[in-house]
Enquirer: 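First, the structure itself, so that you have it in front of you.
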There are 2 protein chains.
Amino acid sequence: MAKKIQPIERCDCDVIHEEIVNKVREKMPQEETLYDLAELFKVFGDSTRIKILWALDESEMCVCDIAFLLNMTQSAISHQLRVLKQAGLVKSRREGKIVFYSLEDEHVKQIFDQGLIHISEESK
Amino acid sequence: MAKKIQPIERCDCDVIHEEIVNKVREKMPQEETLYDLAELFKVFGDSTRIKILWALDESEMCVCDIAFLLNMTQSAISHQLRVLKQAGLVKSRREGKIVFYSLEDEHVKQIFDQGLIHISEESK
DNA sequence: AACACACTTGAACAATTACTCATATGTTTT
DNA sequence: AAAACATATGAGTAATTGTTCAAGTGTGTT
C-alpha cells in the first residue's frame, strides 16, 4: 500500500527565512548519521536497559544475576541483552553453563553522565 | 486486571555471586533517576526529533521553516516540538503569527557528541 | 544416556508511539 | 468583521516495542 506523498507546501515565512534554512541544511550531518544516532539513543531509552548497563558498569555479571538484581525474568533480561549486544554496547563470554556480560566500551558512562547533567539542570 | 506477580526464582549462580550482586545493588542510583534518564534518552531516540534538535543547534527557527527543512508537515513537527518542550530541550518565543523555537540548554550538543563517538568507534 | 541448569529464541499480546487528517486557537491583514 | 496565516491539538491508525509464555540450545552432572 504505497503512501501518497504530497509535497510540503511552503509558507510565506519559509521564503523570508530561506537563507537561514539553506544555511542550516548545509550544516546538517548525513541523513544516515542522524538515523544511527537516533537508533543508539533508542537503546538507551528504556529503563530496564539503562539499569542493565549501569549494573554492568559496576561489574561483569551473568544473566541470572542481572535478573535477580532487577527482579525480572531471565527471559526478559536475555531479550534486552540481545538488543544491547546488537547495538555494540555489551559483550558476552561463556564459562561453562554461565554466560557473563560486560560493557563493550567506556563511552556508556559518559553518555549517562551527560544525560544526568541535563536532568539535574532541569530540576533546578 | 491485576497482573500476577510471581517472585523471581533465584538460581544457583545467584547464591554464588551474591556478594557481587549486593555490591552492585548498593551502587545503583535511585530507581527514579534511572527512569528519568531513560525518559530523556527516549526523546533522543527518534530521528525526526534528532534532526529538529540538530537544526535548532544551528539556528533559531520557526515551525514552518523546520517543516520545510525536513520535508514534513507542520502538524508532525508541531507534535514533536511539544515532546521536546515537555522534555525541557527546547523553548519557544512568539513574534506575531510566528513561533520561534530554540534550544533550551547547551547540553544537547554534548549528548549528541558522546553518541557520535560511540557510533564512530563501532564502525571501525 | 538422562537429567538439570543457564541461557536463548519465537510467537503472542498489551502498551506505546509517530504520523495524518480535521479542526481549533491566536495573530495580522483587509 | 471577515479572511488569511502560523501554529496547536485531539482522534484515529499503522507500526513498533517490552514482556510473558512455551519450547529450544548448549553445557555439566549423575
Side-chain angles (χ1 to χ4, degrees), chain A residues 1-17 35 38-39 41-52 60-68 70-87 90 92-101, chain B residues 1-17 35 38-39 41-52 61-68 70-87 90-101:
Chain A
M1 183 180 59
K3 189 168 286 184
K4 185 178 58 177
I5 296 172
Q6 79 277 41
I8 303 298
E9 198 72 36
R10 295 196 73 176
C11 62
D12 293 352
C13 76
D14 280 328
V15 180
I16 298 165
H17 305 146
Y35 185 80
E39 287 302 304
F41 286 126
K42 207 173 281 181
V43 176
F44 285 95
D46 175 80
S47 58
T48 299
R49 288 191 293 264
I50 289 273
K51 287 176 196 169
I52 293 174
E60 176 187 65
M61 291 177 92
C62 70
V63 180
C64 69
D65 282 339
I66 300 171
F68 176 66
L70 304 185
N71 196 41
M72 293 178 65
T73 64
Q74 279 188 24
S75 178
I77 299 297
S78 186
H79 277 296
Q80 296 297 9
L81 284 168
R82 190 162 177 267
V83 174
L84 292 170
K85 200 171 186 179
Q86 284 177 335
V90 306
S92 62
R93 159 179 89 78
R94 175 153 229 149
E95 199 170 285
K97 288 181 295 189
I98 302 173
V99 178
F100 288 95
Y101 280 84
Chain B
M1 183 181 58
K3 190 168 286 182
K4 186 176 56 178
I5 297 172
Q6 79 277 39
I8 303 300
E9 199 72 35
R10 295 195 72 175
C11 64
D12 293 353
C13 77
D14 279 329
V15 179
I16 298 165
H17 304 146
Y35 184 82
E39 287 302 303
F41 286 126
K42 205 171 282 179
V43 176
F44 285 94
D46 175 80
S47 59
T48 300
R49 287 192 293 264
I50 289 274
K51 287 175 195 168
I52 293 174
M61 291 176 92
C62 72
V63 180
C64 68
D65 283 339
I66 301 171
F68 175 66
L70 305 185
N71 197 39
M72 292 178 66
T73 64
Q74 281 188 22
S75 177
I77 299 299
S78 186
H79 276 296
Q80 295 298 8
L81 285 169
R82 191 164 176 265
V83 174
L84 292 170
K85 200 170 187 182
Q86 283 177 336
V90 305
K91 58 176 185 272
S92 63
R93 161 179 87 78
R94 176 150 229 149
E95 199 170 284
K97 289 181 292 188
I98 303 173
V99 178
F100 288 96
Y101 281 84

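Below, chain A is the first sequence line, B the second, and so on; all start at residue 1.
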Enquirer: Using the test ring-ring contact (aromatic ring centres under 6.0 Å, His included), find all partners of B/Phe44 that sit at least two apart in sequence or belong to another chain.
Expert: A/Phe41, B/Phe112
Enquirer: Could you tell me the separation between the CG atom of A/Leu70 and the P atom of D/dT19, rounded to a whole number of Å?
Expert: 10 Å
Enquirer: Starting from C1' on D/dA8, measure out to CZ on B/Phe100 and report it in whole angstrom.
Expert: 17 Å
Enquirer: Once you round to the nearest 0.5 Å, how far does OH of B/Tyr35 lie from CD1 of A/Ile50?
Expert: 12.5 Å
Enquirer: Is any N or O donor-acceptor pair between the side chain of B/Ser75 and the base of D/dT7 shorter than 3.5 Å?
Expert: no
Enquirer: Does OP1 or OP2 of C/dC7 have a side-chain N or O of A/Ser78 closer than 4.0 Å?
Expert: no
Enquirer: Please enumerate all protein N or O atoms sitting under 3.5 Å from an N or O of nucleotides 16-18 of chain C, with distances to 0.1 Å.
Expert:
{"from": "C/dA18", "atom 1": "OP1", "to": "B/Arg49", "atom 2": "NH2", "distance (Å)": "3.1"}
{"from": "C/dA18", "atom 1": "OP2", "to": "B/Arg49", "atom 2": "NH1", "distance (Å)": "3.1"}

Enquirer: With sequence neighbours left out, write down each residue that passes side-chain contact (heavy atoms from CB on, under 4.5 Å) with A/Ser78, or none if nothing qualifies.
Expert: none
Enquirer: What residues, two or more places apart in sequence or in another chain, satisfy salt bridge (charged side-chain N to carboxylate O under 4.0 Å, His left out) together with A/Arg93?
Expert: A/Glu60, A/Glu95
Enquirer: With sequence neighbours excluded, tell me which residues meet side-chain contact (heavy atoms from CB on, under 4.5 Å) with B/Val43.
Expert: B/Arg49, B/Val83, B/Leu84, B/Ala87, B/Leu89
Enquirer: Round to the nearest Å and state the distance from A/Arg93 atom CZ to C/dC7 atom P.
Expert: 12 Å
Enquirer: Specify the separation, in whole Å, of atom CD1 of B/Ile66 and atom P of D/dA6.
Expert: 14 Å
Enquirer: Using 0.5 Å steps for rounding, measure from the NZ atom of A/Lys51 to the CD atom of A/Gln80.
Expert: 11.0 Å
Enquirer: Name all residues meeting the side-chain contact (heavy atoms from CB on, under 4.5 Å) criterion together with A/Lys97; count only those two or more places apart in sequence or in a different chain, and write none if there are none.
Expert: none
Enquirer: Which residues pass the side chain to side chain donor-acceptor pair (under 3.5 Å) test with B/Lys91, sequence neighbours left out?
Expert: none
Enquirer: Phosphate oxygens OP1/OP2 of D/dA8: is one of them under 4.0 Å from a side-chain N or O of B/Arg82?
Expert: no
Enquirer: Rounded to whole angstroms, how far apart are CD1 on B/Ile98 and C1' on D/dC5?
Expert: 9 Å
Enquirer: So what does B/Tyr101 touch, heavy atoms closer than 4.0 Å: a base, only the sugar-phosphate, or nothing?
Expert: sugar-phosphate
Enquirer: Just the rounded figure in Å: distance from P of C/dC19 to CD1 of B/Ile77.
Expert: 8 Å
Enquirer: Atom CD of A/Gln86 and atom C1' of C/dT8: how far apart are they, to the nearest Å?
Expert: 13 Å
Enquirer: For DNA chain D, whose closest nucleotide is more 5', that of A/Ala76 or that of B/Val63?
Expert: B/Val63
Enquirer: Taking donor-acceptor contacts at under 3.5 Å, does the side chain of B/His79 reach the base of C/dT20?
Expert: yes
Enquirer: Rounded to the nearest angstrom, tell me the gap between atom CD in B/Gln74 and atom P in C/dT23.
Expert: 18 Å
Enquirer: Using side-chain contact (heavy atoms from CB on, under 4.5 Å) as the criterion, point out the one residue from A/Val90, A/Asp46, A/Leu81 that pairs with A/Ile52.
Expert: A/Leu81
Enquirer: So which protein N/O to nucleotides 24-26 of chain D N/O distances come out below 3.5 Å?
Expert:
none

